[in-house]
2 protein chains.
Amino acid sequence: MKQINENTLYDVAELFKNFSDSTRIRILYCLFEKERSVTQIAELLQMNQSAISHQLRFLKNSKLVKNRREGKTIYYSLDDDHVYNIISQGIEHVEE
Amino acid sequence: MKQINENTLYDVAELFKNFSDSTRIRILYCLFEKERSVTQIAELLQMNQSAISHQLRFLKNSKLVKNRREGKTIYYSLDDDHVYNIISQGIEHVEE
DNA sequence: AATACATATGAACAGATGTTCATATGTTCA
DNA sequence: TGAACATATGAACATCTGTTCATATGTATT
């Protein structure tokens, strides 16, 4: 087992916090396929726009999603190669 | 991307909840090396026994740790092969 | 049986978290 | 410029979460 820094585990907990809420993980999962706008995500998840927007900010701060503007619309997409792998591993775990 | 069940993502969020708290992840991490008693864990993490005990129950319910009694002492150890991999991947992520 | 040790448990509390509502900001198009 | 659309934001609120304290349960030893 490799030696790790004192604070690393706190950062790891912060990282996993992103995946510990069903709204956030559903947002990330629906971005697996392709980028989507805030409105599209809200419709997909059947939740109101503000709730999605708040969670997207959370995910953006964690650098898990990025966005780009196209006119009035802002498209969000995954910003981290690890996201796919981490969630996939989680899915594998629970489906056993 | 594979097709997943409606409820799977909720379960995945539940799974990651285990790793989203620094106390729990530190407990799990110190069990990487070997099994440890509640008191040993409390000393290692410099936290009181009750807090550790509560979190161990949490982790036990999630089937991430198991325990065995030896006299007065109860030893906890990891109960899931995935735990090691999931946390390792988290560590890798934050150390980049 | 009484004491000491190890762990578990429930209640109480403070702080964190997620959602909603109202509204602000930013963009497009007429 | 004004209206319509898309998104962001702050405040308020209810709920959830993690810790502590006090105490209960379980085991070993004398």
Side-chain angles (χ1 to χ4, degrees), chain A residues 7 9-31 34-79, chain B residues 7 9-31 34-79:
Chain A
N7 300 310
L9 291 176
Y10 292 91
D11 296 339
V12 174
E14 283 303 306
L15 170 67
F16 284 125
K17 209 164 277 181
N18 290 287
F19 307 113
S20 70
D21 174 73
S22 64
T23 299
R24 285 193 293 276
I25 208 160
R26 283 159 73 221
I27 290 174
L28 291 169
Y29 187 75
C30 83
L31 296 179
K34 60 177 178 218
E35 65 176 8
R36 297 185 197 271
S37 73
V38 179
T39 304
Q40 288 171 342
I41 297 170
E43 278 168 4
L44 267 170
L45 306 196
Q46 297 271 66
M47 291 183 63
N48 88 35
Q49 176 267 321
S50 182
I52 301 298
S53 203
H54 280 296
Q55 295 298 353
L56 283 169
R57 180 168 52 171
F58 188 109
L59 294 169
K60 185 122 188 294
N61 286 338
S62 303
K63 305 246 199 308
L64 298 187
V65 301
K66 61 178 188 285
N67 58 19
R68 70 180 183 87
R69 178 181 282 278
E70 190 176 306
K72 288 177 292 192
T73 307
I74 295 181
Y75 289 101
Y76 280 84
S77 57
L78 299 182
D79 187 26
Chain B
N7 300 310
L9 291 176
Y10 292 91
D11 296 339
V12 174
E14 284 302 306
L15 171 67
F16 283 125
K17 210 164 276 180
N18 289 287
F19 307 112
S20 70
D21 174 72
S22 63
T23 299
R24 286 193 293 276
I25 208 160
R26 282 159 74 221
I27 290 174
L28 291 169
Y29 187 74
C30 84
L31 296 179
K34 60 178 178 221
E35 67 176 7
R36 297 185 198 270
S37 72
V38 179
T39 304
Q40 287 171 342
I41 297 170
E43 279 169 3
L44 267 170
L45 306 196
Q46 297 272 65
M47 291 183 64
N48 89 36
Q49 175 267 321
S50 182
I52 300 298
S53 203
H54 279 296
Q55 296 297 353
L56 283 169
R57 180 168 52 171
F58 188 109
L59 294 169
K60 185 122 189 295
N61 286 338
S62 304
K63 304 248 199 305
L64 298 188
V65 301
K66 61 178 189 287
N67 58 18
R68 70 180 182 87
R69 177 181 283 278
E70 190 176 307
K72 288 175 292 191
T73 307
I74 295 181
Y75 289 100
Y76 281 83
S77 57
L78 299 182
D79 188 26

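Order of the sequence lines fixes the chain letters, A, B, ..., with proteins taken first and strands second; residue numbering starts at 1 for each chain. These values consider heavy atoms only, across backbone and side chains, with no hydrogens, waters or symmetry-generated copies. Only a predicted model underlies this, so the values are computations on that prediction, with no experimental measurement involved.
Residues A:Leu56 and A:Ile41 meet the side-chain proximity criterion, which asks for heavy atoms closer than 4.5 Å.
Checked by atom type and distance alone, the side chain of B:Arg24 pairs as donor or acceptor with a backbone atom of B:Asn18 at under 3.5 Å. A donor-acceptor pair is defined here as one N or O able to donate and one able to accept, closer than 3.5 Å; no such pair exists between the side chain of B:Ser53 and the backbone of B:Ser50. Not a single donor-acceptor pair under 3.5 Å links the side chain of B:Lys66 to the backbone N or O of B:Tyr76.
When rounded to the nearest whole Å, the span between CD1 of B:Ile74 and P of C:dA6 equals 12 Å. As a whole-Å value, the separation of B:Gln46 CD from D:dG18 P is 21 Å. Protein atom CG of B:Asn48 is 12 Å distant from nucleotide atom C1' of C:dT7, rounded to whole Å. Rounded to a whole Å, the CG atom of B:Leu56 is 14 Å from the C1' atom of D:dT19. Between the NZ atom of B:Lys66 and the P atom of C:dT7 there is a distance of 17 Å, given to the nearest Å. Computed from coordinates, the B:Phe58 CZ to D:dC16 P distance equals 14 Å when rounded to whole Å. Look at CD on B:Gln55: it is 5 Å from P on D:dT19, rounded to the nearest Å. Residue A:Asn18 contributes atom CG, which lies 18 Å from atom P of C:dA16 at whole-angstrom precision.
Among the protein residues, A:Lys17 comes within range of the sugar-phosphate backbone only, with heavy atoms under 4.0 Å from sugar or phosphate atoms but none that close to a base. If you check every strand for non-hydrogen atoms under 4.0 Å, A:Tyr75 touches nothing. B:Thr73 comes within 4.0 angstrom of sugar-phosphate atoms only, judged by non-hydrogen atoms across all strands, and of no base.
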Letter per nucleotide, 5' to 3', of nucleotides 24-30 of chain D [B base touched, S only sugar-phosphate touched, - untouched; heavy atoms, 4.0 Å]: --SBS--

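The shortest heavy-atom contact between A:Thr23 and A:Leu45 is O-CD1, 4.1 Å. In plain terms, the two heavy atoms of B:Ser37 and B:Tyr75 that are nearest each other are N-CD2, 3.6 Å. Residues A:Glu35 and A:Ser77 approach most closely at CB-CB, 3.8 Å, considering heavy atoms.
Pair assignment for C:dA30: D:dT1, on the basis of Watson-Crick or G-U wobble contacts that are both within less than 3.5 Å.
An OP1 or OP2 oxygen of D:dG18 is reached within less than 4.0 angstrom by a side-chain nitrogen or oxygen of B:Arg24. Residue A:Tyr76 has a polar side-chain atom (N or O) positioned under 4.0 Å from OP1 or OP2 of D:dA8.
When the nucleotides C:dA8, D:dA8, D:dG18 are ranked by their closest atom to the side chain of B:Asp21, D:dG18 comes out on top. The side chain of A:Arg57 sits closest to D:dT9 out of D:dA8, C:dT20, D:dT9.
If you check distances only, the side chain of A:Gln49 does reach the base of D:dA8 with a donor-acceptor pair under 3.5 Å. Between the side chain of A:His54 and the base of C:dT20, at least one donor-acceptor pair of N or O atoms lies under 3.5 Å. Donor-acceptor pairing under 3.5 Å, judged by distance alone, is present between the side chain of B:Ser50 and the base of C:dT9.
The distance from atom CD of A:Gln55 to atom NZ of A:Lys60, rounded to the nearest 0.5 Å, is 15.0 Å.
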